[in-house]
Each structure stands twice: as C-alpha cells, then as structure tokens.
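Quick notes on the structure that follows.
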Amino acid sequence: MENKGIADIFVEIADILDIQGENPFRVRSYRNAARTIENMSQRVEAMVKAEENLEEIPGIGKSIHEKIEEIVSMGKCRFLEELRAKVPAGLTELLKLEGLGPKKVKLLYDELAVDSVDRLEKAAQAGRLRDLAGMGLKTEEKILKSIEKYQAGLGRFKLSVGFIYAQALLEYLKDVAGVKRLDPAGSFRRRMETIGDLDILAICGKGCKVMDRFTEYGDAAEVISKGETKSSVRLNCGLQVDVRVLEEESYGAALHYFTGSKAHNIAIRDRAKDLGLKVSEYGVFRAKDEKRLSGAKEEDVFKAVGLPFIQPELRENRGEIQAAEKGKLPHLIELADIRGDLQMHTAATDGKNSIAQMAQKAKEMGYSYIAITDHSKAVRVAGGLDEKGLARHLKEIEKVNGQIPGVRLLKGVEVDILADGSLDLKDDILKESRVVIASVHSRFNMEEKEMTRRIIKALKNPNVNILAHPTGRLILEREPYKVNLPEVFQAAIDEGVVLEINAYPDRLDLRDVDARLAKEMGAKLVISTDAHSALQMELMKFGVFTARRGWVEAKDVINTLPLEAMLKILR
DNA sequence: GCCGTTTTCGGCCCGACTGTTTTCAGTCG
C-alpha cells in the first residue's frame, strides 16, 4: 500500500475517535502520524519489509507501528474495521464541511439521525437544525452554505494561483491610509505547493480602516467574519483570505506564529517551555510572571529558544530545529543563483515562441545559457519531432546561437521513454543533442516494478543526461505514477544522470521531500521551467521554492554553475 | 497515542471569532 493509503486509514481512525468524543490528544496522535507518513518520501511499506524500526520516526510509537505492520501485511486495519462498525460511514464525511466539528456531527446524528451530507442538507432545508441545543437559525444557514461549497469542490489552490490573488490584494491594501506593513504568512510564505487559504498580517496606525476596506474588496464574494484584529473573506475564486492586524511590538512573534507550520510552532513552543518561557503570537514571555521579553522581530522568537533564524520554507518540523541547534541548517538556494534554464519548448512543437524569442527572454532573465528541448514524436498532441525533424531543429538552434550575445544555446531534446524503457528517437540523433532529457508521457498506470524498470532502462542509455519530472504528477489533477524513487535515484547517481525539479507550477516534480531524499543520497539536481512560452521562463521561482523546501543548496543544482562547469557534470 | 538529559506519569499550543448564550462551547488555524 502507498503512504497515502496508510495515512488515509489513520485519518479515518482519528475522525471516528473524534466523533466518539475520545481524548483529543489521542486523536491528534493519529492525525500527526497520518501527516508524517503522507509527507515521507520513503515508502513505509518498503521500510516494513526491510525491517526498519518505524518507531524512530517521530510521532510513531508502539501502537501505530503495530497497526502499520498489520496494514502492510493484511491490507487492512482491524481497529478501523471495529470503529467503522460502530459509526455510520457518512459521519466522517460530515467533518469535511466547514463549521462542522466532531461535537456537532455527533449531535446531529444522535438527535436527527443525520449520517450523510445528503440527509444533513434535507434536515437543514426542513428547518430542523435550528431547534437543536447550541444551534440556531444562523448555524442552519451556515451549514447549508458549507454544503454548497463542499459540493462545488472548493479545496486547495496551487501556489502560483495564490501568487496572483495575493499580489492583487496586497496592492489594494497597501494604499489604505494608516497601513504601515503587510506580509503574507501561512503556507503561502512557506511556499507550499498548494495553499488552503491566504493569511495576511498587517501593522496599522490608529483609526486605520483596513478591515473595512478589506471586507469591501471588489473580488470578495462573501465576508466570513469581521473583527478588530481578524477578518476573513472568501474571494470569487473560492480562496479564503484572512487579514490580521497586529501591534508593532508583537509583530515578529505573530509573523512566526502565523507562518507555521503548526507542527513547527508546537515544537518551538515546547522548546520554549523547557526554557521557562512562553511563546505565543503576542511575543516571548517569562513563564513564571508573564513578563514580556521580546517579540517585535521574527528573529526574537528563534533567539529566545537559542536558535538561529530558520527560513520559512524549512518550518515543517522535519528536522529543521535539530539542524538549527547543531548549526547545520542548509544554505538554501536562491533564485539569483540560477544561471540558465535547461528545459523549454518552442513553436517547433507545442511551444508558443521561436528559438530566438526564448533566447531573448533568457537574456532578460540574466541567464548565460539555455537548452532548447522540444518533444519527440511519441507526444503526438504536442507535434513531437521525429529524427528528421529534430535534425532540422538542431540546425536551427545552431543558427540562432550567437545572435543573442551572452546567451549560449544548447541543442537539446525531451525524448519520450516508451513503455518498454527504450527511447523514442534513435541514438544517432540523440548524440547530436548536448542536452537529452528523458521523460514519461504515456502509460502512467503501470505496476511499480515495471515502471521502475522502464525508467532505469532509459537512464542506462548513455545519451540521456537528465530525467525530467520523475513522478509525472500534476498537482491537484493527477497522482504520481507508481515508481520506486530511491531505486531510480540510485540508478541516476550510478549513471551520472541529473534529476530534474520541474518548476512548472502544475508539476513541481520532484516534489520537496523527494528532492531532499535525492540530495541526501548524493544525486545532482537541475531546476528547469519546462516553459512553453518565453513568459513562462519566469516560473523558475516556483522550482526554486520547491528546492528550498527540500533543503537544497546551490551546490546541489547544476544550473547554478557557469556553462563550462555545468557541461562537465552533464555527461 | 506519543513522549522523556528534571519525568515511564502526566502532560500534550493557545487565542480569535461566531453563535448561542447571559458566561461559554465549538470550530478554526
């Protein structure tokens, strides 16, 4: 079973225990374990089979370890089956509705036998909710709205989408009189691949009307709540935005707190407690008498617990606190480190612009080299090139080379890995290409062993020097194909093939945790945009964000090197 | 259920907002 499947089992256990009114900390343990497992790049099933000690993973103890073993060997969890027998299946689904938690779900079930979203909708429409204890007309209306939203499937948004809405809103709010400072926080600031909402923090002068202006925002579809220090609206696109107004003296503590992640914050607070301190969004306090010690700057929080500043992208409680303690935080790669882009497409296949236009854009980006890498013939919808077509195209690239001073064009191709692991173009023509990117664009639903063999076979072709988007996933749209990544990484290392972090915001593939594993195993990485137009070359930043979240440093990434040094690594 | 360089028992982050209440429970992040 995949990690996601195991994680889902623990989420369901947590949901049912929650509804049953179990000890909330016990519930949290299951949720923590689920989150940990889902975020791991190693497959838990493989770890069990290799008899690795799962209890060394933080948040996994004896009980959850035993359940994982059972799930791996039997394909199911008896404990979950027992729980399911006690609680109707629809109740856990009700928890997904905004504003409904375990207590209300239980109440609805006990009083009105509501056990599905459908029944809840009917009960609400019939006006039967308003008479329940602790509920009223407003709750009933809110629940109907939640159901509507839920059915519309509004969930998470890609980071790149978040950027568009965040920039527009920040532009609007910064002109409000009295606004001194605005910062996005939350998963947006940590540059997660998707965001569930947008958190914006503000410092304002006396009498500032920022909350009024915010809730009047033209793109707001609905005002969810409005208060002195916190307001929330939902934009027309469905994205929820929270604005919080803070005092200058506690701004740093708040920025830290609202940046998260939750797991990182808990770990920091825990550490503070051991030191006789209390850290909250209002500052750092001495525990015994609540005396305020600091909090104006974000650095204050880290300083108070004896740590250097930790970059937001690392704050996931994935070892950053221990690394900071030992002075071993990575020196994260930055956008300015990038000297070239090694995957892009032109009008010769499914791109929009010419070779020269791409080169011109590279000049604007300050790059010293790019590789032009159009598709091979197997990608029919993209008008992929056959041997003849590529030969002509390579000559074109050569012709344009030198027309834009300072930018060297490398002849390249993105060649398809066919179902049997052979390549879509003959070796003769691949030899003519300096950058040969291999990638999978078809037959995604193979078994893991077969897919792993397929990719490794392609890596063994001596002409291949980059493996692109190694898992094939499309964020929020398509799951990654089944593949044993550690095996693929090892093969890439052995063969001298570079692994791509695809910067295209729909892909971000390798994802953060996978990039980290690859780096730790000793693989070389490249961050490429896969641009299909000149403008898309600006998407490089999203690849850099992903790399940073994967603890990647400039020295791990070949396109931070000057051309000659980079070419030496590219076999 | 997990965890431990004070602890193997007794903690586990904590505050804002809403809607229902007349002081607070539930939900959220």
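Residue numbers start from 1 in every chain, and the chains themselves are labelled A, B, ... in the order their sequence lines are given, proteins ahead of strands. Everything numeric in this text was worked out from a predicted model, so none of it was measured.
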Checklist entry - Using 30° and 60° as the class limits, which term best fits the ring planes of A:Phe302 and A:Phe309: parallel, tilted or perpendicular? => result perpendicular
Checklist entry - Between A:Tyr217 and A:Phe214, is the gap from one ring center to the other below 6.0 Å? => result no
Checklist entry - Does a side-chain N or O from A:Lys230 land closer than 4.0 Å to OP1 or OP2 of B:dC17, or not? => result no
Checklist entry - Which atoms form the tightest heavy-atom contact between A:Leu54 and A:His65, and what is the distance? => result CD1-CD2, 3.6 Å
Checklist entry - Considering only B:dG15, B:dG1, B:dG26, which nucleotide approaches the side chain of A:Arg26 most closely? => result B:dG1
Checklist entry - Does a salt bridge link A:Arg269 with A:Glu281, judged by any charged N lying under 4.0 Å from a carboxylate O? => result yes
Checklist outcome for this item: Out of B:dG29, B:dG1, B:dG15, minimum distance to the side chain of A:Asp242 belongs to B:dG29
Item to check | Distance in angstrom units between A:Ile143 CD1 and B:dT27 C1', rounded | outcome: 12 Å
Checklist entry - Are any of the side-chain nitrogens in A:Asp15 or A:Arg31 under 4.0 Å away from the carboxylate oxygens of its partner? => result yes
Item to check | Whole-Å P distance, B:dT18 and B:dC12 | outcome: 28 Å
Item to check | Among B:dG29, B:dG15, B:dG1, the one nearest A:Tyr30 by side-chain distance | outcome: B:dG1
Checklist entry - Which listed nucleotide (B:dC13, B:dC2, B:dG26) is nearest to the side chain of A:Ser29? => result B:dC2
Checklist entry - At under 4.0 Å between heavy atoms, what does A:Leu132 touch on the DNA or RNA strands: base, sugar-phosphate, or nothing? => result nothing
Next on the checklist: Regarding A:Arg244, tell me which of base, sugar-phosphate or nothing describes its non-hydrogen contacts under 4.0 Å with the strands shown.
Outcome noted: nothing
Checklist outcome for this item: Taking for A:Val279 and for A:Ser63 the nucleotide of DNA chain B with the nearest heavy atom, the one nearer the 5' end belongs to A:Ser63
Next on the checklist: Expressed as a whole number of angstroms, how long is the span from A:Lys138:NZ to B:dT21:P?
Outcome noted: 13 Å
Checklist entry - Nearest-Å distance, CZ (A:Arg130) to P (B:dT20)? => result 11 Å
Checklist entry - Rounded to whole angstrom units, what separation is found between the CD atom of A:Gln322 and the P atom of B:dG4? => result 10 Å
Item to check | Same-atom distance (P) from B:dG15 to B:dG10, integer angstrom | outcome: 25 Å
Next on the checklist: Strictly below 4.0 Å, N to O, side chains only: are A:Lys138 and A:Glu141 in salt-bridge contact?
Outcome noted: no
Item to check | A:Tyr172 and A:Asp219 side chains, donor-acceptor separation under 3.5 Å | outcome: no
Item to check | Passing option when A:Glu98 is tested against A:Arg234, A:Lys142, A:Lys145 for side-chain hydrogen bond (donor to acceptor under 3.5 Å, both in side chains) | outcome: A:Arg234
Checklist entry - Cut-off 3.5 Å, side chains only: do A:Lys67 and A:Tyr30 have a donor facing an acceptor? => result yes
Next on the checklist: Rounding to an integer number of angstrom, what distance separates B:dT21 and B:dT27 when you compare their P atoms?
Outcome noted: 15 Å
Next on the checklist: Looking only at the aromatic ring of each residue, does the gap between the centers of A:Phe188 and A:Phe163 stay below 6.0 angstrom?
Outcome noted: yes
Item to check | Rounded P spacing from B:dG4 to B:dC13 in Å | outcome: 14 Å
Checklist entry - Under a 4.0 Å N-O cut-off, is there an ion pair linking A:Lys174 with A:Glu171? => result yes
Checklist entry - So, A:Glu290 and A:Lys278, do they make that salt bridge, N to O below 4.0 Å? => result yes
Next on the checklist: Need one value for A:Asn23: base, sugar-phosphate or nothing, where a base atom within 4.0 Å counts as base even if backbone is also close, heavy atoms only.
Outcome noted: base
Next on the checklist: Nearest whole Å is fine: how far is B:dC3 P from A:Leu54 CG?
Outcome noted: 12 Å
Checklist entry - Are OP1 or OP2 of B:dT20 and a side-chain N or O of A:Thr139 less than 4.0 angstrom apart? => result yes
Checklist entry - Taking for each residue the nucleotide of DNA chain B bearing the nearest heavy atom, is the 5' side occupied by A:Gly134 or by A:Phe258? => result A:Gly134
Item to check | Nearest-Å distance once atom C1' is located in both B:dG26 and B:dT20 | outcome: 10 Å
Checklist entry - Considering only B:dG29, B:dG26, B:dG15, which nucleotide approaches the side chain of A:Glu281 most closely? => result B:dG15
Checklist entry - Expressed as a whole number of Å, how far does the C1' atom of B:dT8 sit from that of B:dC2? => result 12 Å
Next on the checklist: Any base atoms under 4.0 Å from A:Pro24, or only sugar-phosphate, or nothing? Heavy atoms, all strands.
Outcome noted: nothing
Checklist entry - Got a sec? Which of residues 262-275 of chain A come in under 4.0 Å of DNA chain B, heavy atoms? => result A:Lys262, A:Ile266, A:Arg269, A:Lys273
Item to check | Whole angstrom value for the distance that separates P of B:dG29 from CG of A:Leu95 | outcome: 13 Å
Checklist entry - If the C1' atom of B:dT6 is compared with that of B:dG1, how far apart are they to the nearest Å? => result 23 Å
Next on the checklist: By the 4.0 Å heavy-atom rule, please label A:Leu137 as base, sugar-phosphate, or nothing.
Outcome noted: sugar-phosphate
Item to check | Interatomic distance where CG belongs to A:Leu97 and C1' belongs to B:dC28 [whole Å] | outcome: 15 Å
Checklist outcome for this item: Residues in residues 219-229 of chain A with a heavy atom under 4.0 Å of DNA chain B, by number, are A:Ser225, A:Lys226, A:Gly227, A:Glu228, A:Thr229
Item to check | Mate of B:dT8 where both pairing distances stay under 3.5 Å, Watson-Crick or G-U | outcome: none
Checklist entry - How long is the line joining CZ of A:Arg31 and C1' of B:dC28, in whole Å? => result 13 Å
Checklist entry - Is there a donor N/O on one and an acceptor N/O on the other, under 3.5 Å, for the side chain of A:Tyr257 and the base of B:dG15? => result no
